[in-house]
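A short worksheet on the structure shown next.
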Amino acid sequence: MFINYEHENHVYNVSIEHKDSYYFITYDNTEYKVEAEETKPGQLKIKIGDKIVKAVIAESGKEKFVFVDGDVFKVKPVELTGMKRVKKKDEEEGLSSPISGRVVSVKVKKGDFVKKGDVLMVIEAMKMEYLIRAPYDGKVKKINFKEKDQIEIGQTTVELEKE
Amino acid sequence: MFINYEHENHVYNVSIEHKDSYYFITYDNTEYKVEAEETKPGQLKIKIGDKIVKAVIAESGKEKFVFVDGDVFKVKPVELTGMKRVKKKDEEEGLSSPISGRVVSVKVKKGDFVKKGDVLMVIEAMKMEYLIRAPYDGKVKKINFKEKDQIEIGQTTVELEKE
Amino acid sequence: MVLFKKVLVANRGEIAVRVIKACQEMGVKTVAIYSDVDKDAPHVQLADETVGLGDPTPIQSYLNISKIIKIAQDVGAEAIHPGYGFLAENPDFAMSCDDAGVKFIGPSSKVIGLMGDKIAAKKTMEKAGVPVIPGYHGLKQDVSTLVREGKKIGFPLLVKAAAGGGGKGMRIVYSEDTLEESIESAKRESKSSFGDDTVFLEKYLDKPRHIEFQILADEYGNTIHLFERECSIQRRHQKIIEETPSPVVSKELRRRMGEAAVKAAQAVGYSNAGTVEFMVDGDLNFYFMEMNTRLQVEHPITEMTTGVDLVKWQLRIASGMKLTLKQKDLFQRGHAIECRIYAEDPRNGFLPSVGTLEKIEVPTGPNIRDDSGICTGMKITPYYDPLLAKLVVSAENREESIQKMIWALSHYVVMGVTTNISFLKKVLEHEEFRRGNITTHFIDNYFKDWTTAKKGLPVDAIIALAVYDLMHRRTHEVVRYKEADPHSPWKHVGRWRVGGI
Amino acid sequence: MVLFKKVLVANRGEIAVRVIKACQEMGVKTVAIYSDVDKDAPHVQLADETVGLGDPTPIQSYLNISKIIKIAQDVGAEAIHPGYGFLAENPDFAMSCDDAGVKFIGPSSKVIGLMGDKIAAKKTMEKAGVPVIPGYHGLKQDVSTLVREGKKIGFPLLVKAAAGGGGKGMRIVYSEDTLEESIESAKRESKSSFGDDTVFLEKYLDKPRHIEFQILADEYGNTIHLFERECSIQRRHQKIIEETPSPVVSKELRRRMGEAAVKAAQAVGYSNAGTVEFMVDGDLNFYFMEMNTRLQVEHPITEMTTGVDLVKWQLRIASGMKLTLKQKDLFQRGHAIECRIYAEDPRNGFLPSVGTLEKIEVPTGPNIRDDSGICTGMKITPYYDPLLAKLVVSAENREESIQKMIWALSHYVVMGVTTNISFLKKVLEHEEFRRGNITTHFIDNYFKDWTTAKKGLPVDAIIALAVYDLMHRRTHEVVRYKEADPHSPWKHVGRWRVGGI
């Protein structure tokens with residue numbers, strides 16, 4: 001079986017087969033021969049050589065969470081063919097809201113020229129303020145939110161035309 | 001809705017209706033008007049007058065377990081019509097095994113006359129011994145188990161003919 | 001000295017979980033063993049490595065010395081922690097560990113053997129100047145000699161397995177009539193549990209309390225005690241509630257008993273964790289009863305009041321480290337109580353209860369500790385002791401500690417087997433318990449009727465069930481109530497009012 | 001004096017749960033309030049009575065003074081426990097309680113007001129002979145005055161909301177360039193959080209530690225301290241790890257700081273639980289920073305090392321009982337650490353994370369305490385602080401306590417939101433933390449890179465996922481990997497070997 005997992009905009013290609021009482025996993029040009037058991041629903045005990053790995057897995061829609069050695073990772077199985085780039089351009093990223101919250105103040109007007117680092121918008125969430133700064137010098141093309149608007153994580157705050 | 005619950009060989013007859021935001025329960029000639037909410041699956045919060053009752057309910061096949069004020073009760077819904085008596089005669093009860101375990105010794109033979117209190121059989125379970133004593137004077141009619149036999153809770157150990 | 005790298009835990013249930021966690025915190029790898037019925041048990045889930053034992057019969061699994069030692073060697077475990085019960089006080093096991101080059105975490109095989117023979121143990125203590133209870137500890141073990149000696153001591157008296165512990169092979173005899181039968185039955189049970197049918201007899205004390213002292217001794221002769229545990233609340237001669245400090249032990253009595261406990265341990269060259277059990281009578285005289293050469297079920301209450309982790313010290317001591325705790329630096333603070341949650345029916349002679357655990361909810365909060373060996377879906381089988389978990393609390397004083405325990409018990413939900421939770425709560429709520437007026441007869445004195453009384457379904461439960469069923473509409477098999485014949489077993493139950501609402 | 005019969009808890013999350021449990025143990029009935037999004041939250045599940053507040057916006061719900069007081073009157077609550085945050089340090093709320101004849105569990109409105117105004121608080125302390133940090137606490141609040149005063153004090157300096165607490169409205173300024181902007185932003189945040197835009201400036205100390213003392217004072221002038229808490233590990237000026245005792249506080253320093261803390265409390269006629277916060281510099285000089293007139297988030301570590309239940313004492317004191325704890329009877333034992341489990345992303349500037357909690361598994365064991373306000377299925381919304389739970393452990397000494405915390409964090413599973421659990425573990429594992437070499441700059445000094453570094457999926461996770469998916473065969477949407485164009489974002493990932501097995 002071949003599986004592709006997406007995690008933080010990277011795709012991991014894995015193949016796995018079950019033979020006798022072993023699982024054979026191939027990833028990144030290495031083959032791992034492991035023994036595994038699901039001890040409780042979602043709880044795995046995996047023997048990789050001398051090492052015992054305990055993992056907990058939960059599913060939520062298409063997403064999976066995997067807990068290993070104190071860390072939780074969120075992954076999605078993906079199809080690579082014809083897939084769109086999920087990651088925005090870096091330039092846009094700096095302009096999207098890092099959090100769901102409320103716009104407390106808009107510092108610029110359409111047509112303003114701003115310098116890299118200038119504060120464009122202030123968003124409040126969970127009783128803290130987040131500043132949206134210009135990621136580069138540019139001209140304000142469009143402002144998508146006004147004061148007191150609700151804004152969701154990832155939404156673009158302001159559109160900037162690069163100088 | 002009418003419901004009969006069986007608990008420890010007693011049947012409890014209840015009627016319940018839902019009207020507006022209240023439940024009306026009638027039991028033992030008394031009517032209770034309560035508010036109730038299932039806060040988590042199987043977890044109820046019930047307001048009976050000034051009192052708040054929190055109950056946890058779990059189901060296992062036909063049986064239900066209800067947890068109220070630190071106590072757990074096991075109940076079954078029952079049909080009364082044509083129902084067989086589930087309770088054995090008291091006399092027989094004393095002769096049934098109180099526990100699932102292993103017979104370590106049989107103290108009597110078929111045809112023996114025994115006195116009330118005489119030990120008939122010794123059963124071992126969870127590293128402890130349980131003595132089956134004659135509940136009345138009588139003659140041994142049948143012995144259902146021999147040494148080292150596995151015995152289940154409720155099975156009749158020895159049949160006695162009353163003197 | 002460095003700690004072991006890998007330890008095999010030769011036990012199951014809550015104590016295996018407790019030991020595995022202590023090892024993991026210290027960076028020691030753990031190996032769990034399990035019989036077929038324990039495949040998915042919490043101690044197996046938690047361990048770093050696991051090895052199956054097959055057949056659940058104790059003698060084939062957790063009591064199987066050669067199998068366990070072979071596993072330890074195969075996985076490269078340097079030491080074995082026996083927990084309590086099973087092989088914990090078996091000198092042959094300790095000896096076999098030595099022979100196999102695997103460290104047994106506990107005292108030497110010789111000390112276990114000596115203390116395991118209750119007769120020899122008492123003689124040793126008498127010689128060392130520790131007071132013992134009058135009784136017969138003779139080697140003549142024929143029933144007629146025992147009956148004769150029993151009559152000499154007088155009634156009530158106790159018949160006790162020499163090799164026993166935890167109430168196994170123990171009988172209390174109130175009159176001559178049942179003496180012979182009790183001796184025979186105790187011998188049989190002892191034989192089957194411990195492979196040895198030697199019993200001894202002793203005087204049953206007036207207003208007896210069971211008070212024990214925790215000992216820690218390293219392998220260089222340093223011995224300390226960690227104060228007392230009051231364990232008088234017992235049913236079937238097994239403890240169900242323990243507390244510390246004891247409501248009757250004064251500072252002065254504590255000092256004297258503590259010194260006697262240390263003396264007892266030193267008299268036999270004791271090392272590792274152990275417990276010296278005393279009987280204390282109504283006049284606060286104390287007598288050596290026995291020494292348990294292992295970790296005790298009720299060790300958590302000592303941990304909560306002294307701040308010492310006994311299991312970690314067991315590991316350090318066994319790996320050859322010195323005891324750095326000093327007697328003068330130790331003190332008790334606050335008050336701790338342990339309740340043993342058993343799968344048993346207090347309304348039916350405390351008989352063990354078997355079944356599948358359908359639902360478990362555990363109370364949490366400051367100073368609430370739940371040492372548990374169970375999980376949802378687990379089957380409670382007749383193969384092993386029916387101890388499910390130990391609920392332990394501590395607070396600033398005894399009264400608050402009792403309040404906290406009552407709150408915690410009221411929030412402890414176990415469904416699928418009958419438990420003693422509600423019984424434990426009733427004991428804690430009892431006025432005489434609250435006053436600290438407890439003896440080992442407490443349950444018999446105050447709860448004899450309770451244990452046999454049947455109790456009905458309370459109205460709150462009926463309401464909850466009806467509401468639940470209406471919400472879920474799952475109860476369709478409901479039929480009109482017929483006026484049954486007068487001999488029906490249902491005659492004393494409520495009936496609904498037609499046209500009620 | 002008798003305890004209240006019924007108390008309303010004007011809070012949510014873990015602290016509401018903590019207070020409700022304490023009340024219930026003492027036999028006090030509890031009333032929980034909740035906004036729409038908290039309908040099924042643990043504090044609502046647990047309370048004896050519950051009343052809804054509607055709209056989740058804080059100002060409409062947990063900050064709604066008139067609504068909350070009306071509920072207290074309607075349900076017949078004799079007292080209100082404010083927890084921390086929300087209305088806990090709002091003098092108007094305390095005053096409104098007084099006016100409504102409902103006891104506010106905390107100090108008087110007057111004291112809260114005085115200490116809430118950081119400028120007035122410092123002046124009061126200076127007068128009482130408690131050392132304070134150099135700074136500007138003037139009434140002239142125009143930006144140009146503040147900029148001028150800031151330049152006089154020098155850099156780095158701190159801009160701080162006078163009414164603030166918990167890092168809200170606080171900015172650290174390293175150079176003149178950003179001074180003006182920081183002052184403006186702090187004022188705005190302060191205005192929106194506390195309705196007051198007064199800020200003050202103070203010197204940022206060299207190698208500063210944040211060390212605070214717990215106070216308990218009854219209403220008859222008896223005041224004690226319960227030793228220190230070291231709270232230097234902070235991100236965004238908010239504590240994330242606290243411990244006691246502090247690795248740098250000697251017996252002598254503890255005595256002097258404790259005396260200063262008691263003096264500070266007495267100078268304002270303090271009653272109930274409170275905390276005096278000090279900054280301690282590299283030479284172990286200490287300066288009064290502020291007094292928190294409420295229960296502190298990190299109070300459990302004091303409870304674990306002193307054996308005192310602070311919440312129960314809050315209730316007793318508020319109901320008019322005398323403090324029976326004496327300074328000379330108090331002592332610290334062992335070492336305790338608290339880690340705050342936040343729904344936030346340490347790899348992305350510690351931004352709060354929202355979502356639904358899909359799975360929670362909590363570590364248990366001796367001396368592990370989880371003060372939690374979450375349950376499976378609960379939604380973490382942007383309305384409130386992203387604190388999920390507080391994991392607290394204690395052990396015989398600091399090293400063991402750290403080991404235990406690392407074990408516990410490694411077994412703490414929260415799925416559905418990003419948490420700081422793994423970050424907390426990395427901090428505890430850091431060599432300088434282990435040595436006790438910590439300052440409030442610790443995270444900035446050692447974890448600046450870490451927080452922005454992206455990290456891949458470890459091989460163990462990939463294996464676990466693949467095994468799980470094969471076991472469950474739920475992944476069918478798998479397509480052959482195509483050699484993508486060189487500009488693909490996937491270029492630096494592993495590819496499988498054709499014919500691998």
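Throughout, protein chains are lettered first and strands after them, A, B, ... in sequence-line order, and every chain is numbered starting at 1.
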Review point. By side-chain contact (heavy atoms from CB on, under 4.5 Å), which residues pair with A:Lys141, not counting sequence neighbours?
Key: A:Glu159, A:Glu161
Check your understanding: Of the backbone (N, CA, C, O) and the side chain (C-beta and beyond), which part of A:Val72 lies under 4.5 Å from a heavy atom of chain D, both, or neither?
Key -> side chain
Check your understanding: Is there a side-chain contact between A:Asp69 and D:Asp460 (heavy atoms, below 4.5 Å)?
Key -> no
Check your understanding: Salt bridge check: are A:Lys107 and D:Glu184 linked by an N-O gap of less than 4.0 Å?
Key -> no
**Study point:** By side-chain hydrogen bond (donor to acceptor under 3.5 Å, both in side chains) - contacts of A:Asp149 (at least two apart)
**Key:** A:Lys146
Revision key, fill the gap. Rounded to the nearest 0.5 Å, the NZ atom of A:Lys64 sits from the CG atom of D:Asp469 at a distance of 3.5 Å
Exercise for review: Taking A:Tyr12 for its side chain and D:Ile462 for its backbone only, find out whether a donor-acceptor pair lies under 3.5 Å.
Suggested key: no
**Study point:** Exceeds 12 heavy-atom contacts within 6.0 angstrom, atom NZ of D:Lys379
**Key:** no
Check your understanding: Do A:Tyr5 side-chain atoms and D:Leu465 backbone N/O form a donor-acceptor pair below 3.5 Å?
Key -> yes
Check your understanding: Where on A:Val104 is there a heavy atom nearer than 4.5 Å to chain D: the side chain, the backbone, both, or neither?
Key -> neither
**Study point:** Closest non-hydrogen atom pair between A:Glu38 and D:Met471, with its separation
**Key:** N-CE, 3.8 Å
Practice item. Kindly give the heavy-atom pair with the smallest separation between A:Ile46 and D:Ala464, and that separation in Å. Key: CD1-CA, 3.5 Å
Review point. Which value, rounded to the nearest 0.5 Å, describes the distance between D:Glu358 atom CD and A:Lys74 atom NZ?
Key: 10.0 Å
Review point. Between A:Leu44 and chain D, which part of the residue has a heavy atom less than 4.5 Å away: side chain, backbone, both or neither?
Key: side chain
Exercise for review: Mind ranking A:Ile57, A:Val53, A:Val119 by heavy-atom pairs under 4.5 Å with chain D and telling me who comes out on top?
Suggested key: A:Ile57
Check your understanding: Rounded to the nearest 0.5 Å, what separation is found between the OH atom of A:Tyr23 and the CD1 atom of D:Ile463?
Key -> 13.0 Å
Check your understanding: Under a 4.5 Å heavy-atom cut-off, does chain D meet the side chain of A:Val56, its backbone, both or neither?
Key -> both
**Study point:** Non-hydrogen atoms of D:Met415 and A:Val66 that approach each other most closely
**Key:** CE-C, 3.9 Å
Point to revise | Side chain / backbone / both / neither for D:Ser185 at chain A, heavy atoms under 4.5 Å | key: both
Review point. With side chains defined as the heavy atoms from C-beta onward, is the minimum distance between A:Phe67 and D:Lys359 less than 4.5 Å?
Key: no
Review point. Heavy-atom distance under 4.5 Å to chain D: side chain of A:Gln43, backbone, both or neither?
Key: side chain
Revision key, fill the gap. Closest non-hydrogen atoms of D:Gly456 and A:Phe73, given as atom of the first, atom of the second and distance, are O-CE2, 4.0 Å
Check your understanding: Any side-chain heavy-atom pair from A:Val75 and D:Leu457 closer than 4.5 angstrom?
Key -> yes
Study note, to complete from the structure: In short, D:Ala461 meets A:Val68 closest at the heavy-atom pair CA-CG2, 3.9 Å
Check your understanding: A:His18 versus chain D, heavy atoms under 4.5 Å apart: side chain, backbone, both or neither?
Key -> both
Study note, to complete from the structure: Tightest non-hydrogen contact, residues D:Ser422 and A:Gly70, listed as CB-O, 4.0 Å
